[in-house]
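Here is the structure we will look at, set down as structure tokens.
Treat the numbers as computed from the prediction; the structure is a model and nothing was measured. Chain letters run A, B, ... following the sequence lines, proteins first and then strands; every chain starts at 1.
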There are 2 protein chains.
Amino acid sequence: MPPKIGKIRDVARETGLSTATVSRVMNGNPKVNPEMRATVLAAAKKLNYVPNPAARALSTNRSKTVAAIIPTIDHSVYAKYITAVEKTLSARGYTLVLAISNADAQMECDAAEKLIAMGAEAFILTGAKHSAALIDLLDRCAKPLVFTSVFDDQSAIPTIGYDNQALAKAAIAHLQEHGHRDIAVVYGSLAENDRTVTRLKGARMALGSADNTLFFEVDLSVEGGRRAAMEILNTDKRPSAILCFSDVLALGVMFLLQSQGIRIPLDISVMGFDNLDWSRQSYPSLTTIDLPASQMGAEAALQIMRRLEEDHPMSSLDLPAKIMRRGSVGPVRHRP
Amino acid sequence: MPPKIGKIRDVARETGLSTATVSRVMNGNPKVNPEMRATVLAAAKKLNYVPNPAARALSTNRSKTVAAIIPTIDHSVYAKYITAVEKTLSARGYTLVLAISNADAQMECDAAEKLIAMGAEAFILTGAKHSAALIDLLDRCAKPLVFTSVFDDQSAIPTIGYDNQALAKAAIAHLQEHGHRDIAVVYGSLAENDRTVTRLKGARMALGSADNTLFFEVDLSVEGGRRAAMEILNTDKRPSAILCFSDVLALGVMFLLQSQGIRIPLDISVMGFDNLDWSRQSYPSLTTIDLPASQMGAEAALQIMRRLEEDHPMSSLDLPAKIMRRGSVGPVRHRP
DNA sequence: TTGAAAGCGCTAACAT
DNA sequence: ATGTTAGCGCTTTCAA
């Protein structure tokens, strides 16, 4: 039995009104007689009428669909931010279509092409580094575009996020305040992630010419963190603090240190980046940087919608992040 | 400057062919002369032509869009499975639209309504327990539907997942093999999650009438795990093993035990469920149950597409999960 | 305030 | 193998 889905004409016939009026009602046009409106709504209910989105999109040339491309979903930071994007969009009748690029520029570009072909009206990309081909494509198609997870005044494309360089500096400063001079910095693949590059730059600036800093580039995973920590323990001059550019890495570092009986922060301090759900509950609780993921997602969605609806220009936004001072960073202990 | 996006007619005019032929080429219809095909493709490239998805959807009455509703994305299990769904769908030209229900039946139903209005052709829902209104709605609209994360022979709706009850039994059996008789079971909200209910039932069956089992219902979070572990430590007769129905909970349990100087598995064994990325790397490495999340997502997507395209009937699928024997479960230690 | 009617861009008979 | 053409369901001038 076909579910008998009503069309606009059925509603028009049922109410004795024209399809134009029905359309007006369905679109909340203020200049329809309230009585007619009620009649139409009743008939719509009765006939199980829901406007066909394809027909509407074809007619208006608007799909109310926005695309977001993220490197991976396997990462609570992205998950949080995407959740916020979805919530904000759907509250206003928009749909989010998601693509996952695996941090690969080519895949990202292919995904964008598909998303355009699927009718996406605007794009939210993660980070500020993308293939010229992609930017060019979006530009030629006149698709509004925002970058998230970064804030960059200079960027021609609006950036909604945080200042990764400043945050990394602040993180180093936080460790230095605790007396740490021998610091190891652990991060995921630089090639895949421009935020990491920017953070590294910030850390280098804050460290000045101190060449007793160790840098470890590993897989962005708990396993990567473990590996880095293993290497760190094998160096001659063991650092007194480890700064990780992701809580995920910090978790791996902590696991390994614990497995070796090394006390945190007594023997080594550990600091993360992201403030994932569990980082407050870890043992010891992880000192980290809280990123405004939800706010970022909501803002990006909001700006895109305003851009789409009122042609409101988008603008970069520097959202506040802050150091969560917790138990994994302590004063340096002077060894005899 | 408007980016001058070509229509099918422009391509037809440019090539001197009809729109029908252009359409055929764009849809890979085999019966077009290869030369014509090449000509059309070239013109399409030149004129920047991409078929308008709304027009196509209107014409074919197919949106090539499938909807998935998940409780939350903040959880690697769902993330993994959704990633697989997205990958599988997009490989065949389908789009995934995602909604997040926060494990709330009402929100889930509202989301589904919106997704229908947006043109979703089929639905993937998590778990087997959903509001009658939702099932009814999807039924009336004749939207193909699959449940994932569960396998249930008896279900009228196809289920693609694993046998939660059997897995929980296996988990208890695994602990019993190590001599554990006093076991605590920790899980998230029963009201929000039917998989948890099923697992609990399995555990109860495996435990038989042993009434020395402790049950703890907490928030499904690391913090929840911590809380449960705190309570467990405060009971008179401390269990020798803790089974958590999620690795997330197990992580919280481990954090708390460690903070109290309790050795795992020497003093207490801990077992999880899910096999998240980090659980192998934890200290000690977490014994858990590996769920076939990716395979599940891919299968669900595949079945839906076959159903949509060839009207192939969908069928339930019991995917293999297995116990990952690692370091957090050890033999019971007999106390004097 | 309401109605009539012309498309929006594409697909799919049907005809050739 | 290719062309003609009638819609798909809705929005939106333009008239009334």
Side-chain angles (χ1 to χ4, degrees), chain A residues 2-41 43-44 47-65 93 116-121 141 309, chain B residues 2-41 43-44 47-65 93 116-119 121 141 308-309:
Chain A
K4 205 69 203 113
I5 181 102
K7 315 298 183 197
I8 198 171
R9 270 183 214 158
D10 303 325
V11 179
R13 195 177 311 118
E14 172 84 10
T15 57
L17 292 165
S18 71
T19 61
T21 302
V22 176
S23 172
R24 289 187 189 108
V25 170
M26 297 317 287
N27 290 292
N29 186 319
K31 33 187 173 185
V32 305
N33 184 316
E35 288 184 33
M36 299 295 103
R37 173 183 304 284
T39 321
V40 168
L41 258 17
L47 298 181
N48 216 318
Y49 171 66
V50 178
N52 177 320
R56 178 177 271 173
L58 181 57
S59 211
T60 58
N61 203 21
R62 300 249 0 236
S63 65
K64 288 202 130 196
T65 284
I116 289 176
M118 284 160 168
E121 291 188 64
C141 297
E309 284 167 20
Chain B
K4 205 68 202 111
I5 181 104
K7 315 299 182 197
I8 197 172
R9 270 183 215 157
D10 303 326
V11 179
R13 193 177 313 118
E14 172 84 12
T15 57
L17 293 163
S18 70
T19 61
T21 301
V22 176
S23 172
R24 288 186 189 107
V25 169
M26 298 316 286
N27 291 290
N29 185 319
K31 32 186 172 186
V32 305
N33 184 316
E35 287 185 34
M36 300 294 104
R37 174 184 303 285
T39 320
V40 168
L41 258 16
L47 298 182
N48 215 318
Y49 170 66
V50 178
N52 177 319
R56 177 178 271 171
L58 181 58
S59 209
T60 57
N61 202 22
R62 300 245 5 233
S63 66
K64 289 203 130 195
T65 283
I116 289 176
M118 283 161 168
E121 291 189 65
C141 296
L308 252 20
E309 285 165 19

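- Checking the phosphate oxygens (OP1, OP2) of C/dT11, a side-chain nitrogen or oxygen of B/Asn27 falls inside 4.0 Å.
- Within the 4.0 angstrom heavy-atom criterion, no nucleotide atom of any strand lies near A/Met26.
- Residue B/Glu14 forms a side-chain contact (heavy atoms from CB on, under 4.5 Å) with just one option from B/Leu47, B/Thr39, B/Val22, and that option is B/Leu47.
- Taking every side-chain heavy atom of A/Leu17 into account, C/dT2 is the closest of C/dT2, D/dT2, D/dT12.
- Taking both residues in full, the closest heavy atoms of B/Tyr49 and B/Ile8 are given as CE1-N, 3.4 Å, listed atom of the first, atom of the second, then distance.
- Each of A/Thr21 and B/Ala55 lies near DNA chain C, and the nucleotide nearest A/Thr21 is the one positioned closer to the 5' end.
- The side chain of B/Thr60 sits closest to C/dA12 out of C/dC10, C/dA12, D/dC10.
- To the nearest 0.5 Å, the span separating OG1 on A/Thr21 from CE on A/Met26 amounts to 13.0 Å.
- Rounded to a whole Å, the CZ atom of A/Arg24 is 10 Å from the C1' atom of D/dT11.
- Mapping B/Ser59 and B/Gly16 onto DNA chain D by nearest heavy atom places B/Gly16 at the nucleotide closer to the 5' end.
- For the pair B/Asn29 CG and D/dT2 C1', the computed distance is 11 Å after rounding to whole Å.
- In this structure, A/Arg37 contributes its side chain and A/Asn29 its backbone to a donor-acceptor pair below 3.5 Å.
- In this structure, the nucleotide among C/dA4, C/dG9, D/dC10 sitting nearest to the side chain of A/Ala20 is C/dA4.
- Atom C1' of nucleotide C/dA4 and atom CD1 of A/Ile8 are separated by 14 Å, given to the nearest angstrom.
- Residue B/Thr19 places none of its side-chain N or O atoms closer than 4.0 Å to OP1 or OP2 of C/dC10.
- Comparing C/dC10, C/dA5, D/dT5 by their nearest atom to the side chain of B/Pro51 picks out C/dC10.
- Comparing D/dC8, C/dT2, D/dT2 by their nearest atom to the side chain of A/Arg9 picks out D/dC8.
- Here the nucleotide nearest the side chain of B/Leu58, chosen from D/dT4, C/dG9, D/dC10, is C/dG9.
- The shortest distance between the side-chain N/O atoms of B/Lys7 and the OP1/OP2 oxygens of C/dG9 is below 4.0 Å.
- Among the heavy atoms of the strands, none lies under 4.0 Å from B/Asn61.
- Residues B/Gly119 and A/Pro53 share a closest heavy-atom pair of N-CG, 3.6 Å.
- Distance from the side chain of B/Tyr49 is smallest to C/dC10 among C/dA5, C/dC10, C/dG3.
- Here D/dG9 presents its P atom at 16 Å from CG of B/Asn52, a figure rounded to the nearest Å.
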